[in-house]
Undergrad: 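Quick one: the structure is below, questions incoming.
Quick note: numbers below take in every heavy atom, side chains included, and nothing from hydrogens, waters or symmetry partners.
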Amino acid sequence: MGHSVAVWDHKAAIEITKDWNEIDQVVLRNPQGASVRVSLHGGQVVSWRNEQGEELLFTSSKAIFRPPKAMRGGIPICFPQFGNCGSLEQHGFARNKIWTIDENPPPLPSNDSQGKSFVDLLLKPSEEDLKCWPHSFEFRLRVSLSTNGDLALISRVRNINGKPFSFSFAYHTYLSVSDISEVRIEGLETLDYLDNLCQKERFTEQGDAITFESEVDRVYLSSPNAVAVLDHGRKRTYVIKKEGLPDVVVWNPWEKKSKAMMDFGDEEYKHMLCVDGAAIEKPITLKPGEEWRGRLEISVVPSSFCGEHFDLQRGL
């Protein structure tokens, strides 16, 4: 493989390659040298690097790159179920399926196309999928990389079924951090959250910011459209903006759970944090012919600039 396909900006291109397991991957690059790698297994972003070549997403050193198992790291797509909140396998089946590339995707909006390289991936249910989840759908995932290195994912789920269906969803985003003890999250203060460590009991966040001293597994509800993850060790901030995704999942397994996971290093919890744009508490219901759209955009800025340049209430 290895051919390139022209996209909107003539300086940007996508490459199609194969990993060592012969799974097709798509690589997006911008003229400044940033890159995004997407695996057709799961429609999963498996790498996002800045202009300096630094990896911004976490992937476990023990991750298993072998279908049908989803890879531990990057940004798995949780659909049509998040976690174990339904009858399907953990986090649904989308992250375990082979997606296809749309060779003729609809164009980006003219005000959004400048300098972006992007790829559209499609997922439709197989006969096997319809047996365990009997709903016909088309899932279009657009992954794009802007000239300034921002990563955006846009999911569109259309009901092509004869009856309504409901689903939950998350972009299960594994961020790479210097040390979890040096990280804090801003933008979720005073919100209610469901604590998965306490049988999904509902609490209200009391802290000025979220910091980490032990295992955390929470779903923050009705969250603002922008959240900041400040990494003091690397003096940089991830700014996560979202649309159509009312909830935010915050997860770090800490030491005990890390040792219990086969595809996760014992000490790796120190260098990762999951902060997911999600729709979990109130499942999305689509009538026949209806389409849902959920967008996530992640940018990285020096921490000193965060407060000046980003209004966390504004979002996208």
Undergrad: Hey, are the side chains of Pro105 and Arg142 touching, using non-hydrogen atoms and a 4.5 Å cut-off?
TA: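 Sidechains of Arg142 and Pro105: in contact.
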
Undergrad: So if you build clusters from Ile, Leu, Val, Met, Phe, Trp, Tyr with side-chain heavy-atom gaps below 4.5 Å, do Ile210 and Phe203 land together?
TA: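 Yes, same cluster.
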
Undergrad: side-chain hydrogen bond (donor to acceptor under 3.5 Å, both in side chains), that's the test. Do Asp231 and Ser178 meet it? Break it down for me.
TA: CA-CA 7 Å; Asp231 184 343; Ser178 59; 2.6 Å; yes

Undergrad: Under 3.5 Å, is there a donor-acceptor pair linking the side chains of Lys242 and Ser223?
TA: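 There is such a pair (donor and acceptor under 3.5 Å, judged by atom type) between the side chains of Lys242 and Ser223.
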
Undergrad: Do we see a donor-acceptor contact under 3.5 Å between the side chains of Arg95 and His172?
TA: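 No - no donor-acceptor pair under 3.5 Å links their side chains.
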
Undergrad: If we only count heavy atoms from C-beta on, is the Val177 to Phe58 side-chain gap below 4.5 Å?
TA: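 Not in contact.
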
Undergrad: Has the side chain of Asp263 got a donor or acceptor atom that lies under 3.5 Å from a matching backbone atom of Ala63?
TA: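 Looks like no, no N/O pair under 3.5 Å.
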
Undergrad: Could you tell me whether the side chain of Val27 reaches within less than 4.5 Å of the side chain of Val36, counting heavy atoms only?
TA: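 Of all side-chain heavy-atom pairs linking Val27 with Val36, none is under 4.5 Å.
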
Undergrad: What residues form a salt bridge (charged side-chain N to carboxylate O under 4.0 Å, His left out) with Asp195, not counting sequence neighbours?
TA: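 Salt bridge (charged side-chain N to carboxylate O under 4.0 Å, His left out) check on Asp195 returns nothing, list empty.
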
Undergrad: Walk me through whether Glu182 and Ile180 qualify under side chain to side chain contact (heavy atoms under 4.5 Å, CB included).
TA: CA-CA 5 Å; Glu182 295 281 327; Ile180 191 64; over 6 Å; no

Undergrad: Got a salt bridge between Glu138 and Arg158, using NZ or NE/NH1/NH2 to carboxylate O under 4.0 Å?
TA: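 Between Arg158 and Glu138 there is no salt bridge, as every charged N stays at least 4.0 Å from the carboxylate O atoms.
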
Undergrad: Check Thr211 against Arg184 and note the closest heavy-atom contact, atom names and distance.
TA: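 Scanning both residues completely, I find the closest heavy atoms to be CG2-CB, 3.8 Å.
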
Undergrad: Verify, without hydrogens or angle tests, whether Glu55 (side chain) and Trp48 (backbone) share a donor-acceptor contact under 3.5 angstrom.
TA: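 Checking the backbone N and O of Trp48 against the side chain of Glu55, a donor-acceptor pair under 3.5 Å is found.
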
Undergrad: Identify the heavy atoms of Tyr269 and Ser258 that sit nearest to each other, and give their distance.
TA: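 In terms of heavy atoms, the two residues are closest at CB-OG, 3.4 Å.
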
Undergrad: If you count heavy atoms of other groups shown closer than 6.0 angstrom to CD of Glu267, is the number above 12?
TA: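 Counting other residues, nucleotides and ligands, CD of Glu267 exceeds 12 neighbours.
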
Undergrad: Yes or no on salt bridge (Lys or Arg N to Asp or Glu O under 4.0 Å) for Arg236 and Glu54, after CA distance, side-chain angles and deciding distance?
TA: CA-CA 12 Å; Arg236 70 183 179 200; Glu54 297 172 304; 3.7 Å; yes

Undergrad: If you take the centroid of each ring, where Trp contributes its six-membered ring, are Phe137 and Phe79 closer together than 6.0 Å?
TA: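 Ring centroids of Phe79 and Phe137 are less than 6.0 Å from each other.
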
Undergrad: Using distance alone, with no hydrogens and no angle criterion, decide if Glu268 and Ser60 have a side-chain donor and acceptor under 3.5 Å apart.
TA: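 The answer is yes; a qualifying pair exists.
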
Undergrad: Can you list the steps and then say if Leu56 with Val300 is a side chain to side chain contact (heavy atoms under 4.5 Å, CB included)?
TA: CA-CA 9 Å; Leu56 302 170; Val300 179; 4.0 Å; yes

Undergrad: Could I get the full list of salt bridge (charged side-chain N to carboxylate O under 4.0 Å, His left out) partners for Asp217, not counting sequence neighbours?
TA: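 Asp217: no salt bridge (charged side-chain N to carboxylate O under 4.0 Å, His left out) contacts found.
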
Undergrad: Going through the checks in order, is the side chain to side chain contact (heavy atoms under 4.5 Å, CB included) test met by Val26 and Leu40?
TA: CA-CA 8 Å; Val26 177; Leu40 296 197; 4.2 Å; yes

Undergrad: Please name the pair of heavy atoms, one in Leu245 and one in Arg295, separated by the smallest distance, quoted to 0.1 Å.
TA: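 Looks like CD1-O, 3.4 Å.
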
Undergrad: Given 3.5 Å as the limit, does a donor-acceptor pair link the side chain of Trp292 with the main chain of Asn159, or not?
TA: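 Pair absent, no side-chain N/O of Trp292 close to backbone of Asn159.
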
Undergrad: For the ring pair Trp133 and Phe167, is the centre-to-centre distance below 6.0 Å?
TA: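 When the ring centroids of Trp133 and Phe167 are compared, they turn out to be at least 6.0 Å apart.
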
Undergrad: For Phe212 and Trp254, I'd like to know if the aromatic rings sit close, meaning centre-to-centre distance below 6.0 Å.
TA: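 No, they do not, as the ring centres are separated by 6.0 Å or more.
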
Undergrad: Determine whether the side chains of Arg234 and Ser176 contain a donor N or O and an acceptor N or O closer than 3.5 Å.
TA: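 Yes - a donor-acceptor pair under 3.5 Å links their side chains.
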
Undergrad: Tell me the closest heavy-atom pair linking Leu221 and Asp247, and the distance in Å.
TA: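 The answer is CA-OD1, 3.6 Å.
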
Undergrad: Using a strict cut-off of less than 4.0 Å between a Lys/Arg side-chain nitrogen and an Asp/Glu carboxylate oxygen, indicate whether Lys256 and Glu215 qualify as a salt bridge.
TA: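 Salt bridge absent between Lys256 and Glu215.
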
Undergrad: Side chains of Val275 and Ile240: does their closest heavy-atom pair fall under 4.5 Å?
TA: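 They are in contact (side-chain heavy atoms under 4.5 Å apart), so the answer is yes.
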
Undergrad: Please report the shortest heavy-atom distance between Met272 and Pro253, naming the atom on each side.
TA: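 Reported closest heavy-atom pair: SD-CD, 3.7 Å.
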
Undergrad: To the nearest 0.5 Å, what is the distance between OH (Tyr220) and CG (Leu188)?
TA: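 One finds 6.0 Å between OH of Tyr220 and CG of Leu188.
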
Undergrad: So, using salt bridge (charged side-chain N to carboxylate O under 4.0 Å, His left out) as the criterion, who are the partners of Lys62 when residues are at least two apart?
TA: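 By the salt bridge (charged side-chain N to carboxylate O under 4.0 Å, His left out) rule, Lys62 matches no residue at all.
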
Undergrad: Side-chain atoms of residues 277-285: list all donor-acceptor pairs with protein atoms under 3.5 Å, sequence neighbours left out, distances to 0.1 Å.
TA:
unit_1: Glu281; atom_1: OE2; unit_2: Arg202; atom_2: NH1; d: 3.0
unit_1: Thr285; atom_1: OG1; unit_2: Ser166; atom_2: OG; d: 2.6

Undergrad: Could you grab the distance from atom CG of Leu28 to atom CG of Leu151, nearest 0.5 Å is fine?
TA: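 That separation rounds to 9.0 Å.
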
Undergrad: Is any side-chain heavy atom of Ser155 closer than 4.5 Å to a side-chain heavy atom of Phe139?
TA: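 Of all side-chain heavy-atom pairs linking Phe139 with Ser155, at least one is under 4.5 Å.
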
Undergrad: Could you tell me the separation between the CD atom of Gln52 and the CD atom of Gln32, rounded to the nearest 0.5 Å?
TA: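 Answer for the CD-CD pair, Gln52 versus Gln32, is 11.0 Å.
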
Undergrad: CG of Leu141 to CG of Asp102: how many Å apart, nearest 0.5 Å?
TA: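 Spacing of CG (Leu141) from CG (Asp102) equals 11.5 Å.
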
Undergrad: Are Tyr193 and Glu205 linked by a side-chain donor-acceptor pair shorter than 3.5 Å?
TA: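 Side-chain D/A pair, Tyr193 to Glu205: absent.
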
Undergrad: For the atom pair CD (Glu213) and CG (Asn252), what is the distance rounded to the nearest 0.5 Å?
TA: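 Answer rounded to 0.5 Å: 12.5 Å.
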
Undergrad: Could you check whether any side-chain heavy atom of Lys97 comes within less than 4.5 Å of a side-chain heavy atom of Lys124, counting everything from C-beta outward?
TA: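 Result no, sub-4.5 Å side-chain heavy-atom pair not found.
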
Undergrad: Less than 3.5 Å apart, any donor N or O on the side chain of Thr173 or Asp276 sitting next to an acceptor on the other?
TA: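 Side chains of Thr173 and Asp276: no pair found under 3.5 Å.
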
Undergrad: Could you check whether any side-chain heavy atom of Tyr174 comes within less than 4.5 Å of a side-chain heavy atom of Arg72, counting everything from C-beta outward?
TA: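 Yes - at least one pair of side-chain heavy atoms lies under 4.5 Å apart.
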
Undergrad: Could you go through the salt bridge (Lys or Arg N to Asp or Glu O under 4.0 Å) check for Lys131 and Glu128 one step at a time?
TA: CA-CA 5 Å; Lys131 287 176 186 173; Glu128 178 188 342; over 6 Å; no

Undergrad: Take Leu122 and Trp99 through the test side chain to side chain contact (heavy atoms under 4.5 Å, CB included) and record every step on the way to the result.
TA: CA-CA 6 Å; Leu122 293 174; Trp99 296 52; 5.7 Å; no

Undergrad: Where is the tightest heavy-atom contact between Leu194 and Lys200, given as atom of each residue plus distance?
TA: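 Nearest pair, atom of Leu194 first, then Lys200: CD2-O, 3.7 Å.
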
Undergrad: Within the structure provided, determine whether Thr59 and Val46 are in side-chain contact (heavy-atom separation under 4.5 Å).
TA: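 No; the side chains remain at least 4.5 Å from each other.
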
Undergrad: Got a sec, which residues hit side-chain hydrogen bond (donor to acceptor under 3.5 Å, both in side chains) with Glu189, two or more places apart in sequence or on another chain?
TA: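 If we apply the side-chain hydrogen bond (donor to acceptor under 3.5 Å, both in side chains) test to Glu189, skipping adjacent residues, there are no hits.
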
Undergrad: Give, for atom NZ of Lys163 and atom CG of Leu286, the distance between the pair rounded to the nearest 0.5 Å.
TA: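 Atom-to-atom, Lys163:NZ and Leu286:CG are 13.5 Å apart.
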
Undergrad: Who are the salt bridge (charged side-chain N to carboxylate O under 4.0 Å, His left out) partners of Glu290, not counting sequence neighbours?
TA: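 Listed in chain order: nothing, the list is empty.
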
